[in-house]
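Working notes, beginning with the structure itself.
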There are 2 protein chains.
Amino acid sequence: MDEKHEDALLTLQHAGIAKTPQRLGVLNIFLAAKTPLSLSTIKKRLAAKVRFDKVTLYRILSLFKNLGIIREVTSRNGVNYFEIATKDNPVHPHFNCLNCGMLTCMEPLTFSQSRQLISPKEDYHVDHIEISITGLCAGCRDATKLQKRKN
Amino acid sequence: MDEKHEDALLTLQHAGIAKTPQRLGVLNIFLAAKTPLSLSTIKKRLAAKVRFDKVTLYRILSLFKNLGIIREVTSRNGVNYFEIATKDNPVHPHFNCLNCGMLTCMEPLTFSQSRQLISPKEDYHVDHIEISITGLCAGCRDATKLQKRKN
DNA sequence: ATACTTATTGCAACTTGGTTGCATTTTTGA
DNA sequence: TCAAAAATGCAACCAAGTTGCAATAAGTAT
Ligand SMILES: [Mn+2]
Ligand SMILES: [Mn+2]
Ligand SMILES: [Zn+2]
Ligand SMILES: [Zn+2]
């Protein structure tokens, strides 16, 4: 039996929701992913596994998000990304390449780092802090250098 | 002559683009705003001033953004917000109330604060760091307390 | 295993946000 | 004031996401 498939089954079982092929498919995609996934990416990968309607995918993502199985990662271009939200994958900053659009996960902040971010005078109840860093990834930066050399 | 109107005129002049009523209208709305504005808010406020088409508004916002007159502020719900990008209004974190959706501007980070956020090993070229904090604003927190007391 | 109940999916229709091409109007600058 | 250039408005279009409901699949008790 597939290792990932087992994890996916357990997750749905623990959440107390039905184990449908579509949900297992989505969950396995997240479990295998190393970066946050856009909706279109999920759609493509899921299509290779199981028959599904776009409405179903929206509902599954919304359900998983509400159950805390996945979390949403906001990005510049308004496209929504998602990633798995397990205990060993706490909230962390993301790097967003302006050129290729790729999102990569960065190391989570330490407690003292995150405390520095909040001005103590602000009397807000903080739920969470999202940090997103934009720039050029290593690949795109090198490509740009080559480009410049050519010109 | 209106003070803000004057600022708006100068901004367009400096950018070297035509001074149309629609652009002046949008600019004055931004100059008067204390928080980032959503598209729908801008639309409403502009409609009270001048006749315009939605296409025009999209084009103006896109133009202003490219010229660096305004900047985009990403938010949780995928709705795009914009704020004026003058020298005395540098990039800064935002607080986003989960209950009422309100976005408020926070103090900009100091250089040492922002440097702490980047793990030195990451070989990315950083363009800018966006910090967005979610939680409950003072008003909504109090309302929640009252709610709880009632129950 | 079967039958019943409940949850989930697929489909179609619709809403909303945003884009494109082009004719009309406005602004600019001579 | 007038011609050239720029910006706007309009209509048509596209894509993303939502809703209601009937068909189907999963859970559950017998
Ligand atoms: Mn991540
Ligand atoms: Mn701000
Ligand atoms: Zn890149
Ligand atoms: Zn609030």
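Letters A, B, ... mirror the listed sequences (proteins, then strands); counts begin at 1. The structure displayed is predicted, hence computed values, not measured ones.
- Residues A:Glu6 and A:Leu10 are in side-chain contact: their nearest non-hydrogen atoms beyond the backbone lie under 4.5 Å apart.
- For the atom pair A:Ile69 CD1 and A:Ile17 CD1, the distance stands at 5.0 Å (nearest 0.5 Å).
- Sorted by residue number, the members of residues 59-66 of chain B with any non-hydrogen atom under 4.0 Å from DNA chain D read B:Arg59, B:Ile60.
- B:Val26 and B:Tyr58 end up in the same hydrophobic cluster when Ile, Leu, Val, Met, Phe, Trp and Tyr side chains are linked at under 4.5 Å.
- Atom-to-atom distance recorded for B:Arg23:CZ and B:Thr20:OG1 is 5.0 Å, nearest 0.5 angstrom.
- More than 12 non-hydrogen atoms from other residues, nucleotides or ligands lie less than 6.0 angstrom from NE2 of A:His92.
- Rounded to a whole Å, the CG atom of B:Asp53 is 13 Å from the P atom of C:dT19.
- No more than 12 heavy atoms of other residues, nucleotides or ligands shown are found within 6.0 angstrom of NZ on B:Lys65.
- Atom CG of B:Leu27 is separated from atom C1' of D:dA7 by 16 Å (rounded to the nearest Å).
- Side-chain contact of B:Thr134 with A:Glu130: a donor-acceptor pair under 3.5 Å is absent, judged by distance alone.
- In the hydrophobic cluster analysis, where Ile, Leu, Val, Met, Phe, Trp and Tyr join through side-chain heavy atoms closer than 4.5 angstrom, B:Leu12 is grouped together with B:Val50.
- The environment of A:His128 atom NE2 is dense: over 12 non-hydrogen atoms of other residues, nucleotides or ligands sit within 6.0 angstrom.
- Of all nucleotides listed (D:dA16, C:dG17, D:dG9), C:dG17 comes nearest to the side chain of B:Tyr58.
- A:Asn80 has its CG atom 15 Å from the P atom of C:dG17, to the nearest Å.
- Remark: A:Arg51, A:Phe52 in residues 42-52 of chain A come within less than 4.0 Å of DNA chain C through at least one heavy atom.
- By the 30° and 60° cut-offs, the orientation of the rings of A:Tyr124 relative to B:Phe95 is parallel.
- Contact of B:Lys54 with C:dG18 (side chain to base): a donor-acceptor pair of N or O atoms is detected under 3.5 Å.
- Between A:Gln22 and the phosphate of D:dA25, there is no side-chain N or O to OP1/OP2 separation shorter than 4.0 Å.
- Contacts of residues 10-20 of chain A with DNA chain C (heavy atom under 4.0 Å): A:Ala18, A:Thr20.
- For B:Phe82 and C:dG17, the CZ to P distance is 13 Å, given to the nearest whole Å.
- With A:Leu46 as the partner, the side-chain contact (heavy atoms from CB on, under 4.5 Å) test is satisfied by one option alone out of A:Thr41, A:Thr56, A:Ile29: A:Ile29.
- Nearer the 5' end of DNA chain C, as judged by each residue's closest nucleotide, is the contact made by A:Thr56, out of A:Thr56 and B:Pro21.
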